[in-house]
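Please read the structure below before turning to the comments.
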2 protein chains.
Amino acid sequence: MDGNVETATEDTACCVPVGAVDTGALAADVELLSAMGNDTRYELLRRIDGAGGEVCVCDLESAVGVSQSAVSQALSRLYTAGLVTRRKDGNWRYYGLTDEAERLLATLDAVRGDRQ
Amino acid sequence: MDGNVETATEDTACCVPVGAVDTGALAADVELLSAMGNDTRYELLRRIDGAGGEVCVCDLESAVGVSQSAVSQALSRLYTAGLVTRRKDGNWRYYGLTDEAERLLATLDAVRGDRQ
DNA sequence: CATCCATATTAACTATCTCTTATATTGTCT
DNA sequence: AGACAATATAAGAGATAGTTAATATGGATG
């Protein structure tokens, strides 16, 4: 009934035991973070963010310095991770940020502002 | 004078040009995100977070399922990325979260709550 | 329907990551 | 000083990820 939760091991000698962690949430978060933690994909996110709304692939291609195939694969991974939306309109595909992505980017901006 | 800022390429036919992006900030963010986006390292962050304060390496070792060496390397990378603090006390090293890490984890919790 | 254009997919190669084992460092205690 | 305990570092093997070139798909248009 208690699902994916482990209890910490017994405390040995030096310090306090560490708390339990929900392994399902861990995996989901890592998926998200590793999708964002790559030059090409993160730049795509920032480009879409900077455009203020949806952007078509053709413009993203010219913005980042990799092949069309690489851009397409990067966008696919971002989509799978739930970071971008995808809309087809005629020949073009438009990508936008999800709320999740917007909030994470906003936090990164805020955190960077403090630390820098 | 205008540093690490690129201007977007000219708009071709289909849509609006994408905005400029600060490449220095991009690299720093990717460093941060890729440091977090790994099972071992993210679990360490969450374990430290769950413990509420500083945790010594010995307890972290027993919590995640990799070797002592792997834990040490993971913590080093987190430290370099500015995600954890490090304090030496006798034989032990205590690791804690930085404000930056705490805020990012909090955002991830909030975002997951919404989407799930 | 033939063709073109925008994007996606596949396959193959290379580079990068992450782990493990072995060894070094640093502090403590007798 | 010598032994031991906790952590860090080095080196190398195996797994994983990112890129490109080539090909496929699907909508638009003459």
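Note that this is a predicted model, so its numbers are computed, not measured.
Atom CG in B:L78 sits about 12 Å away from atom P in D:dA8, given to the nearest Å. When the P atom of C:dA6 is taken as reference, atom CD of A:E54 falls 18 Å away, rounded to whole Å. Between the C1' atom of D:dG18 and the CD atom of A:E43 lies a distance of 15 Å, rounded to the nearest Å. When rounded to the nearest whole Å, the span between CZ of B:R86 and C1' of D:dT9 equals 12 Å. Atoms CG (A:L33) and C1' (C:dC17) sit 17 Å apart, rounded to a whole Å. C:dT7 atom C1' lies 12 Å from atom CG of A:L60, rounded to whole Å. One interatomic measurement links the two molecules: CH2 of B:W92 to C1' of C:dG27, which rounds to 10 Å at whole-angstrom precision. The nearest whole Å value for the distance from the CZ atom in B:R87 to the P atom in D:dT7 is 12 Å.
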List, one per line, each side-chain donor-acceptor pair under 3.5 Å for residues 73-84 of chain A, sequence neighbours excluded.
from  : atom 1 : to    : atom 2 : distance (Å)
A:Q73 : NE2    : A:S69 : OG     : 3.1
A:S76 : OG     : A:R86 : NH2    : 3.2
A:R77 : NH2    : A:S34 : OG     : 3.1
A:T80 : OG1    : A:S76 : O      : 3.0

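Across all non-hydrogen atoms, the minimal contact from B:A110 to A:R103 is CB-NH2, 3.6 Å.
Atom OH of A:Y95 is separated from atom CG of A:L44 by 10.0 Å, given to the nearest 0.5 angstrom. Atom CD of A:E61 sits about 5.0 Å away from atom CD of A:Q68, to the nearest 0.5 Å.
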Identify all pairs in which a protein N or O lies below 3.5 Å from an N or O of nucleotides 18-23 of chain C, and state each distance.
from   : atom 1 : to    : atom 2 : distance (Å)
C:dT18 : OP1    : B:N38 : ND2    : 3.1
C:dT18 : OP1    : B:R41 : NH2    : 3.2
C:dT18 : OP2    : B:R41 : NH1    : 3.1
C:dT18 : OP2    : B:R77 : NH1    : 3.3
C:dC19 : OP1    : B:T40 : OG1    : 2.5
C:dT20 : OP2    : B:S67 : N      : 3.0
C:dT20 : OP2    : B:S67 : OG     : 3.0
C:dT20 : O4     : B:Q73 : NE2    : 2.8
C:dT21 : O4     : B:S69 : OG     : 2.9

Report each atom pair, protein N/O against N/O of nucleotides 25-29 of chain D, whose distance is under 3.5 angstrom.
none

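Within 4.0 Å (heavy atoms only), A:Y79 reaches no atom of the nucleic acid at all.
In this structure A:D29 satisfies the side chain to side chain contact (heavy atoms under 4.5 Å, CB included) test together with B:Y42, B:R46, B:L108, B:R112, sequence neighbours excluded. Judged as a side chain to side chain contact (heavy atoms under 4.5 Å, CB included), and not counting sequence neighbours, the contacts of A:D99 are A:E102. With sequence neighbours excluded, no residue forms a side chain to side chain contact (heavy atoms under 4.5 Å, CB included) with B:N91.
Taking only side-chain nitrogens and oxygens, B:R93 never comes nearer than 4.0 Å to OP1 or OP2 of D:dA6. When the side-chain nitrogen and oxygen atoms of B:Y95 are compared with OP1 and OP2 of D:dA8, one or more of them lie within a distance under 4.0 Å.
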For this session: Would you check, one step at a time, whether the test side-chain contact (heavy atoms from CB on, under 4.5 Å) holds for B:D39 with B:V64?
Result: CA-CA 10 Å; B:D39 284 325; B:V64 303; over 6 Å; no
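Checked by atom type and distance alone, the side chain of A:N38 pairs as donor or acceptor with a backbone atom of A:R41 at under 3.5 Å.
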